[in-house]
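Notes follow the structure.
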Amino acid sequence: MTSGTFIAGRGMLYLFDARAKLLTVLALCVMVFLPLRPLGLWVLVAATVLGAWHATGLRQALQPLRAILFLLVIMILFTPLTYRDGSAVLRVGSFVLATREALENLNVLVARFMGITYLCTLFIWTTPMADINLAFRWYGLSYKAALVFTLAFRFIPSIAESFVMIQDSHALRTSEQQEISRGTVHLTDIVPTVTSALVVALKSIPYLAMSLEHRGLGRRERRTSYRRLVARGGLFTHFLLSVMIPTVFFLVFNTI
Amino acid sequence: MSNGETGNKPAMRIALMAVLTAVVVVFTLLVRVPTPIKGYISLCDVVIVFSAYLFGPWVAAIAGGLGTGIADVIGGYAQWAPLSFLIHGLQGLLIAIIARSPVKGNVAADSPLIRLVIAGVVGMIVMAGGYYLAGGFLYGFEAALVEIPLNLMQSGVGVVLGIIVSRSVLKAYPPVRSLAL
């Protein structure tokens, strides 16, 4: 099981400081809910898709779209049918399939959802998880909370591995007729498998606690500290950019 | 240092939260239960309910919220991560608070079954309702309605299995009581 989310690529996004990038993503995610012209939302979608394409290649850039495709289809099917106000645009006999207002609403919803999806995905792809943790820490996340975050990532592969081993050992005792596929748990053996996996995970807790104690956790003077993020070209420049991008975007596309 | 006691409460609490967060991630991404309609549900709710019944509100809230948030990020649904953090965090918190045993020294899993079920049902409502509201804001309340039955089914399975698993873990590994905060 791979727990990494960073994808090595090229472009300015990789040089953008994680703290400033986080602020930009949050500001733009809030901004898509403000009164903006639909064109502005689609410009944002296009910019993020092109950014993903440039940074990671077309195949990778289409992955988020594939992930939300089912929801997009649901939106296209349900929104016009449930939004009945306005003048009819599409009709079958006397039944109105879609009104102009419903299609306008759908247009905004689809663009907004795609925009948020690509913004968050681009942030995750172009920023190493350690830098995201350090960015949160810079914004005030406590030492202990950051430690939980990093330790969880450290434990994901080993717990996944032990789960697969437990599942395989339980599978040895199933009947031949029962179809076994990795990652799928049948209801008949779910409780023993899950119980064993949880017990194995719980047994590691005292050892982890002791090793944290040895590293000085709980003492007044800790033995470890987090490294500091360094912004190329100065942090002020990065934050200036992170304020300018959403501001310019809003000034150009707002409907106020 | 027997039975998992290190004498250092912060270290034990951090270790507990980190390991259970990782378990939530693994159970969300790796463990899938087939449904009758040829779909899959994840077992993240089982671990959230289990954490709430055994380790109290804060561990359940952090492990549930952070675990599902990380799973969303790893699974390619980063836009859901902050929402999952809040919804599953609140789910774990409320389940643990409602199920909490009035008897000192007992864990919530020792409470009467009806209390555990009520707590679980509140968790189901929080989870399905939270995702409905979040989905409504993200892509419209009409389309968000579609997810309610699946979310209710997933959290319902989580409650049933959570009760069974928390009691079976207490039997299989009694020192777990000393890990409970």
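Every chain is numbered from 1 and lettered A, B, ... according to where its sequence line falls, protein lines coming before strand lines. Heavy atoms only: backbone and side chains are in, while hydrogens, waters and symmetry mates are out.
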Applying a strict 4.5 Å limit to non-hydrogen atoms, the region of A/L71 in contact with chain B is side chain

Rounded distance (nearest 0.5 Å) linking atom CD of B/E142 with atom CG of A/L106: 10.0 Å

Heavy atoms only, distances under 4.5 angstrom: which of A/I159, A/T121, A/V32 has the most pairs with chain B? Name it, please. A/I159

Tell me, side chain or backbone of B/Y77 under 4.5 Å from chain A's heavy atoms, or both, or neither? side chain

So for atom OH, which belongs to A/Y139, do other residues, nucleotides or ligands contribute more than 12 heavy atoms lying within a distance under 6.0 Å? yes

Between B/A22 and A/F155, which heavy-atom pair has the shortest distance, and what is it? CB-CB, 3.7 Å

For chain B, which of A/S204, A/C120, A/A201 has the most heavy-atom pairs under 4.5 Å? A/C120

Test side-chain contact (heavy atoms from CB on, under 4.5 Å) on B/F27 and A/V194; report intermediate values, then the result. CA-CA 9 Å; B/F27 274 51; A/V194 168; 3.6 Å; yes

Can you tell me how far apart OH (B/Y139) and OG1 (A/T79) are? Round to the nearest 0.5 Å. 10.5 Å

What part of A/I68 gets closer than 4.5 Å to chain B, counting heavy atoms only: side chain, backbone, both or neither? side chain

Is A/I124 in contact with chain B via its backbone, its side chain, both, or neither, using a 4.5 Å heavy-atom distance? side chain

Provide the closest heavy-atom pair for A/A209 versus B/A11 in the form atom of the first, atom of the second, distance. O-CB, 3.6 Å

Does any heavy atom of chain A fall under 4.5 Å from the side chain of B/V176, the backbone, both, or neither of them? side chain

May I ask you to check whether over 12 heavy atoms, not counting those of A/E104, lie within 6.0 Å of atom CD? yes

Checking heavy atoms, do the side chain of A/I116, its backbone, both or neither come under 4.5 Å from chain B? both

Check whether A/A145 gets within reach of chain B through its side chain, its backbone, both or neither, counting any heavy atom under 4.5 Å. neither

If you compare all heavy atoms of B/A15 against all heavy atoms of A/I205, which two are closest, and at what distance to 0.1 Å? CB-O, 3.7 Å

May I ask you to name which of A/Q63, A/K144, A/R112 has the most heavy-atom pairs under 4.5 Å with chain B? A/K144

If you define the side chain from C-beta out and look only at heavy atoms, does anything of A/P206 sit under 4.5 Å from B/L179? yes

If you count every heavy atom of other residues, nucleotides or ligands that lies below 6.0 Å from A/F136 atom CZ, does the total exceed 12? no

What part of B/V169 gets within 4.5 angstrom of chain A, counting heavy atoms only: side chain, backbone, both, or neither? both

Under 4.5 Å, counting heavy-atom pairs only, tell me which of A/V148, A/L72, A/L147, A/L81 racks up the most with chain B. A/V148

Just so I understand: if I count every heavy-atom pair under 4.5 Å between each of B/L145, B/I70, B/I62 and chain A, which residue has the most? B/I70

Turns out that what part of B/I14 lies under 4.5 Å from chain A's heavy atoms comes down to both

Apply side-chain contact (heavy atoms from CB on, under 4.5 Å) to the pair A/L202 and B/V19, showing each step before the final yes or no. CA-CA 8 Å; A/L202 291 171; B/V19 170; 5.9 Å; no

Test ring-ring contact (aromatic ring centres under 6.0 Å, His included) on B/F137 and A/F33; report intermediate values, then the result. CA-CA 9 Å; B/F137 281 111; A/F33 289 97; 7.1 Å; no

Does the pair A/I190 and B/L43 meet the rule for a side-chain contact (heavy atoms from CB on, under 4.5 Å), with working shown? CA-CA 10 Å; A/I190 209 164; B/L43 290 186; 3.6 Å; yes

Considering only heavy atoms, which portion of B/F141 lies under 4.5 Å from any heavy atom of chain A: side chain, backbone, both, or neither? neither

Give a yes or no on this: more than 12 heavy atoms of other residues, nucleotides or ligands lie within 6.0 Å of atom CZ of A/R59. no

Are any non-hydrogen side-chain atoms of A/I74 and B/E147 less than 4.5 angstrom apart? no

With a sphere of 6.0 Å drawn around CH2 of A/W53, does it hold more than 12 non-hydrogen atoms of other residues, nucleotides or ligands? no

Run the numbers on B/I74 and A/F153 for side-chain contact (heavy atoms from CB on, under 4.5 Å), then give the verdict. CA-CA 11 Å; B/I74 295 172; A/F153 268 93; 4.1 Å; yes

Considering only heavy atoms from C-beta outward, does the side chain of A/F113 approach that of B/Q79 to under 4.5 Å? yes

